[in-house]
Amino acid sequence: MATNSQVAADARVRSRFPVLAEAIVAGGSPQLRNKASVGGNLLQRTRCAYFYDPSKPCNKREPGSGCGALEGLNRNSAILGASHACIATHVSDMAVALVALDADVEVLSPTGAERRFPLMELHRLPGETPHLETHLAPGELITGVIVPKAAEGGQVYRKARDRASFAAGLASVAVAGGRIALGMVAHKPWRAADAEAALAGGATAEEAIAAELAAASDNGRNGFKITLTARLGAAAIDQARGRAR
Ligand SMILES: Cc1cc2nc3c(=O)[nH]c(=O)nc-3n(C[C@H](O)[C@H](O)[C@H](O)COP(=O)(O)OP(=O)(O)OC[C@H]3O[C@@H](n4cnc5c(N)ncnc54)[C@H](O)[C@@H]3O)c2cc1C
Ligand code: SF4
């Protein structure tokens with residue numbers, strides 16, 4: 001129930017998890033962050049315009065109806081992990097930082113049962129069932145987010161968007177030590193495991209992000225996001241290394 005503003009302003013978050021504070025303040029506007037909650041921000045829905053337009057087909061809104069974005073206005077759509085059924089993105093900034101920080105979520109079911117699992121596994125890829133967005137069971141509430149002690153190394157959050165405030169991102173990158181997550185490029189916050197492995201193997205920042213984006217796809221209008229993410233990712237990795245010194 002903590003608001004995004006409360007989390008971003010918390011002294012422990014600012015000192016131990018600066019990537020989280022930076023990600024939160026990169027989202028929305030001060031007014032939005034004063035109202036947005038942790039659970040609500042994680043579970044916000046896609047910004048795909050077709051999802052909100054009942055005159056257009058959308059497999060997420062109406063399973064089996066088709067996907068208006070596939071051959072339509074897909075400038076903001078996914079470049080990783082998409083399916084022929086849905087190319088929407090998840091746009092939470094906070095979630096990207098939490099994946100880079102290896103956070104867990106705690107949930108409570110209506111029966112009183114509690115469970116805890118990696119936040120990285122909270123959201124789903126679209127596959128054939130884009131209307132199913134998370135691995136929460138019906139009625140389950142998110143009651144907590146647990147962030148472990150951060151790994152050694154610099155932390156940074158970088159986001160590219162069309163205007164400086166009040167805008168969802170086109171792409172974002174969170175770096176926390178050796179862990180990297182990408183935002184707004186997939187149906188879920190994207191753990192960049194291939195980039196992490198490449199970096200651990202001695203690759204440059206550019207080579208590491210290129211390894212992650214090797215499977216990226218272009219649906220016609222969103223191809224620029226591949227180049228944008230490559231540049232943003234390399235810059236974020238270098239900036240995080242600079243902060244670690
Ligand atoms: C104009 C605009 C711009 C925005 N820009 C950004 C941005 O750049 N970056 C960004 O990250 N976000 C952005 N947001 C999202 C914003 O920060 C909010 O998080 C989002 O609008 C959801 O609102 P809320 O947090 O009040 O959640 P709610 O609207 O209260 O909840 C959203 C959903 O989650 C469910 N829910 C809420 N809490 C829980 C819980 N604990 N357990 C289970 N289910 C729960 C609710 O039932 C509901 O279905 C933007 C929003 C707007 C309107
Ligand atoms: S990308 Fe997903 S949300 Fe957008 S129209 Fe296609 S099915 Fe609907």
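Quantities reported herein were computed from a predicted structural model and do not represent experimental measurements. These values consider heavy atoms only, across backbone and side chains, with no hydrogens, waters or symmetry-generated copies. For ligands, and for the atoms within them, numbers begin at 1 and follow the listed sequence.
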A.B. asks: Tell me if a side-chain donor or acceptor on Arg61 pairs with a main-chain N or O of Lys56 at a distance below 3.5 Å.
C.D. replies: yes
A.B. asks: Can you find an N/O atom of Glu140 closer than 3.5 Å to an N/O atom of ligand 1?
C.D. replies: no
A.B. asks: Got more than 12 heavy atoms from elsewhere within 6.0 Å of CD, Glu106?
C.D. replies: yes
A.B. asks: Identify whether the distance between the nearest side-chain nitrogen and carboxylate oxygen of Asp162 and Arg75 falls below 4.0 Å.
C.D. replies: yes
A.B. asks: Between Thr3 and Ser5, do the side chains contain an N or O donor and an N or O acceptor separated by less than 3.5 Å?
C.D. replies: no
A.B. asks: Quick one: nearest non-hydrogen protein atom to atom 42 (N) of ligand 1, plus distance?
C.D. replies: Ile142 N, 2.8 Å
A.B. asks: With the threshold set strictly below 4.0 angstrom, can you tell me whether any protein non-hydrogen atom sits that near atom 52 (C) of ligand 1?
C.D. replies: yes
A.B. asks: Tell me which one of Leu136, Leu42, Asp93 gets a heavy atom nearest to atom 10 (C) of ligand 1.
C.D. replies: Asp93
A.B. asks: Is there a donor-acceptor pair under 3.5 Å between the side chain of Thr129 and the backbone N or O of Leu132?
C.D. replies: no
A.B. asks: Any non-hydrogen side-chain atom of Tyr157 less than 4.5 Å from a side-chain atom of Ser172?
C.D. replies: yes
A.B. asks: Just by modelled atom types, is the His131 backbone N or O under 3.5 Å from a matching donor or acceptor in the Lys60 side chain?
C.D. replies: no
A.B. asks: Looking only at distance, does Gly28 have an N or O less than 3.5 Å from an N or O of ligand 1?
C.D. replies: yes
A.B. asks: Is Glu196 salt-bridged to Arg191, going by a charged N under 4.0 Å from an acidic O?
C.D. replies: yes
A.B. asks: Identify the protein heavy atom lying closest to atom 22 (C) of ligand 1, giving its residue, its atom name and the separation to 0.1 Å.
C.D. replies: Gly40 O, 3.7 Å
A.B. asks: Record the part of Lys159 in heavy-atom contact with ligand 1 below 4.0 Å; permitted values are side chain, backbone, both and neither.
C.D. replies: side chain
A.B. asks: Could you please give the number of protein N/O/S atoms within less than 2.8 Å of atom 6 (Fe) of ligand 2?
C.D. replies: 1
A.B. asks: What protein heavy atom sits nearest atom 15 (C) of ligand 1, and how far off is it?
C.D. replies: Gln44 OE1, 3.4 Å
A.B. asks: Just need the protein heavy atom nearest to atom 17 (O) of ligand 1, so name the residue and atom and give the distance.
C.D. replies: Asn41 ND2, 3.2 Å
A.B. asks: Taking atom types as modelled, is there a side-chain donor on His123 or His90 under 3.5 Å from an acceptor on the other?
C.D. replies: yes
A.B. asks: Looking at Ala78, is its backbone amide N or carbonyl O close enough to the side chain of Asn222 to form a donor-acceptor pair, meaning the two atoms are under 3.5 Å apart?
C.D. replies: yes
A.B. asks: I'd like to know if the side chain of Thr89 reaches the main chain of Val91, judged simply by a donor and an acceptor atom lying under 3.5 Å from each other, with no hydrogens or angles considered.
C.D. replies: no
A.B. asks: Can you confirm whether some protein heavy atom lies under 4.0 Å from atom 47 (O) of ligand 1, or whether none does?
C.D. replies: no
A.B. asks: Starting from atom 45 (C) of ligand 1, what is the nearest protein heavy atom, named by residue and atom, and what distance separates them?
C.D. replies: Leu43 CD1, 3.5 Å
A.B. asks: Any protein heavy atom lying closer than 4.0 Å to atom 19 (O) of ligand 1?
C.D. replies: yes
A.B. asks: Under 4.0 Å from a heavy atom of Leu141: which atoms of ligand 1 are those, numbered in the order shown and with their elements?
C.D. replies: 42 (N), 43 (C)
A.B. asks: Do the charged groups of Arg45 and Glu133 touch, with an N to O distance under 4.0 Å?
C.D. replies: yes
A.B. asks: Once you restrict to heavy atoms under 4.0 Å, what part of Val91 touches ligand 1? Side chain, backbone, both or neither.
C.D. replies: backbone
A.B. asks: Which bit of Ala95 gets closer than 4.0 Å to ligand 1, counting heavy atoms only: side chain, backbone, both or neither?
C.D. replies: neither
A.B. asks: So if I count the atoms of ligand 1 from 1 in the order they appear, which ones are less than 4.0 Å from some heavy atom of Ser92?
C.D. replies: 11 (O)
A.B. asks: Do Phe166 and ligand 1 have an N or O pair less than 3.5 Å apart?
C.D. replies: no
A.B. asks: For Ile146, is there any backbone N or O sitting under 3.5 Å from a side-chain donor or acceptor partner on Asp104?
C.D. replies: no
A.B. asks: Which ligand 1 atoms are under 4.0 Å away from a heavy-atom of Ala167?
C.D. replies: 8 (O)
A.B. asks: For the pair Arg158 and Glu22, find out whether any cationic side-chain nitrogen is under 4.0 Å from an anionic carboxylate oxygen.
C.D. replies: no
A.B. asks: Can you list the atoms of ligand 1 that are under 4.0 Å from a heavy atom of Gly27?
C.D. replies: 7 (C), 8 (O), 9 (N)
A.B. asks: Check whether any side-chain heavy atom of Gln155 sits under 4.5 Å from a side-chain heavy atom of Val175, and report yes or no.
C.D. replies: no
A.B. asks: Kindly say whether Gly169 contributes a backbone atom to a donor-acceptor pair with the side chain of Arg161 at under 3.5 angstrom?
C.D. replies: no
A.B. asks: Salt bridge check, Arg116 against Glu121: does any charged N sit closer than 4.0 Å to a carboxylate O?
C.D. replies: no
A.B. asks: Which residue owns the protein heavy atom closest to atom 2 (C) of ligand 1, what's the atom, and how far is it?
C.D. replies: Leu32 CD1, 3.4 Å
A.B. asks: What protein heavy atom sits nearest atom 13 (C) of ligand 1, and how far off is it?
C.D. replies: Arg47 NH2, 3.5 Å
A.B. asks: Strictly less than 4.0 Å: does any protein heavy-atom distance to atom 8 (O) of ligand 1 fall in that range?
C.D. replies: yes
A.B. asks: Can you tell me the protein heavy atom closest to atom 25 (O) of ligand 1 and the distance?
C.D. replies: Ser37 N, 2.9 Å
